Amino acid sequence: MQIVPGTDVAELFDRLVEDQVPGRRGLEAWRSMLRAHATLMRRLDTDLERETGLALADFDVLAQLAAAHGELRMTDLADRALISRSGMSRRVARLTNEGLLRRDKADSDGRGVVVALTEAGIARLTQTAPVHARGISKLFVAQLDDQELALLERALDKVIVDCSFG
């Protein structure tokens, strides 16, 4: 497609979207979901870091390990975490250097890496989890009634995409 000088880019964009989303069905819901996600994540990250000194992405790594009874293979942790796979190795290395995690070779094949919470990591999680949960309660749960929460959960469960890449 050749762009003609003086083209109204907003109009062009609208036509491109209309070609793929007839009648713009669902676009406002999509935009609302994106805005809600972005603003909630920024606020939760800001509040957690201000109150505890721990970034939300670091908390997520600790929380994912806790939910898995304290340890996961690195590949499984990368699949579960809210951060990109590419950033996971650096994040785990930093959290290991801070004493919150430890890395071991996987017993089953010796090639994989297992990441585990240390006692210091568990203590840090104990400090930060209540702050994060309070934020979720205040910023998200308290804004919706039980029926809205159930509807939202059912709707979003329908569009969850498998983001594992091999």
Side-chain angles (χ1 to χ4, degrees), residues 27-166:
L27 284 182
E28 287 308 312
W30 172 251
R31 288 182 182 126
S32 291
M33 196 257 329
L34 289 177
R35 282 191 309 271
H37 177 267
T39 58
L40 285 168
M41 297 306 284
R42 277 194 301 264
R43 179 72 183 272
L44 289 168
D45 185 38
T46 299
D47 291 352
L48 187 68
E49 194 149 6
R50 185 184 69 245
E51 291 186 45
T52 70
L54 190 69
L56 182 59
D58 291 344
F59 171 80
D60 185 49
V61 169
L62 300 180
Q64 294 298 334
L65 290 168
H69 305 286
E71 67 179 41
L72 281 168
R73 289 179 70 102
M74 185 72 142
T75 54
D76 294 331
L77 178 58
D79 285 343
R80 293 179 185 199
L82 295 174
I83 59 175
S84 70
R85 285 175 172 255
S86 61
M88 181 58 74
S89 292
R90 289 186 306 274
R91 187 167 302 277
V92 166
R94 188 174 44 71
L95 292 171
T96 299
N97 288 340
E98 292 176 17
L100 303 179
L101 304 178
R102 74 172 188 281
R103 295 169 57 122
D104 298 311
K105 290 212 181 283
D107 290 335
S108 60
D109 61 17
R111 294 179 306 182
V113 174
V114 172
V115 179
L117 286 167
T118 63
E119 290 299 318
I122 294 168
R124 192 79 158 111
L125 187 65
T126 301
Q127 174 199 21
T128 55
V131 173
H132 182 63
R134 189 169 45 252
I136 292 169
S137 180
K138 175 183 166 193
L139 299 171
F140 180 73
V141 177
Q143 307 305 314
L144 304 166
D145 64 33
D146 289 344
Q147 187 176 7
E148 290 168 324
L149 288 167
L151 179 63
L152 183 59
E153 180 181 359
R154 282 194 309 275
L156 292 176
D157 280 349
K158 289 181 178 183
V159 296
I160 292 174
V161 176
D162 178 9
C163 288
S164 59
F165 299 104

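In this text the structure is predicted, and so the values were computed from the model without any measurement.
Closest non-hydrogen pair, Ala81 versus Met88, comes out as CB-CE, 3.3 Å. Looking at every heavy atom in both residues, Gln64 comes nearest to Leu72 through O-CD1, 3.9 Å. Residue Ala68 comes nearest to Arg80 through the heavy atom pair CB-NH1, 3.5 Å, listed as atom of the first residue, atom of the second, then distance. What you find for Ala57 and Arg91 is that their closest heavy atoms are CB-CZ, 3.5 Å. Nearest heavy atom pair, residue Leu125 against residue Ala66, reads CD2-CB, 3.3 Å.
At a threshold of 4.5 Å between non-hydrogen side-chain atoms, the residues Thr96 and Arg102 do not count as touching. Looking at Leu149 and Val141, their side chains come closer than 4.5 Å, going by heavy atoms from C-beta outward. Counting heavy atoms from C-beta on, the side chains of His132 and Leu44 come closer than 4.5 Å. A heavy-atom distance below 4.5 Å is found between the side chains of Leu152 and Phe140. The side-chain heavy atoms of Leu101 and Val61, taken from C-beta on, include a pair separated by under 4.5 Å. In this structure, the side chains of Leu100 and Leu117 stay at 4.5 Å or more apart for every pair of heavy atoms. Arg154 places none of its side-chain heavy atoms less than 4.5 Å from the side chain of Asp157.
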Run the side chain to side chain contact (heavy atoms under 4.5 Å, CB included) check on Lys105 and Val114 step by step: do they pass?
CA-CA 6 Å; Lys105 290 212 181 283; Val114 172; over 6 Å; no
Evaluate salt bridge (charged side-chain N to carboxylate O under 4.0 Å, His left out) for Glu71 paired with Arg103, printing each intermediate quantity in order.
CA-CA 9 Å; Glu71 67 179 41; Arg103 295 169 57 122; over 6 Å; no
For Leu62 and Leu54, what are the C-alpha separation, side-chain angles and deciding distance, and is it a side chain to side chain contact (heavy atoms under 4.5 Å, CB included)?
CA-CA 11 Å; Leu62 300 180; Leu54 190 69; 3.9 Å; yes
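Here side-chain hydrogen bond (donor to acceptor under 3.5 Å, both in side chains) pairs that include residues 33-46, with residues two or more places apart or in two chains, are Ser32-Arg35, Arg43-Asp47.
No more than 12 heavy-atom neighbours from other residues, nucleotides or ligands sit within 6.0 angstrom of CD on Gln147. Within a 6.0 Å sphere centred on CG of Asp145, other residues, nucleotides and ligands contribute more than 12 heavy atoms.
Thr118 contributes a side-chain N or O that, together with a main-chain N or O of Gly99, makes up a donor-acceptor pair within less than 3.5 Å. Under a 3.5 Å cut-off, the side chain of Glu51 and the backbone N or O of Leu48 do not form any donor-acceptor pair.
Here Glu153 does not pair with Lys158 in a salt bridge; the nearest charged N to carboxylate O distance is not below 4.0 Å. A salt bridge links Asp58 with Arg94: the distance from a Lys NZ or Arg NE/NH1/NH2 to an Asp or Glu carboxylate oxygen falls below 4.0 Å.
Distance check: Glu98 CD to Arg124 CZ gives 7.5 Å after rounding to the nearest 0.5 Å.
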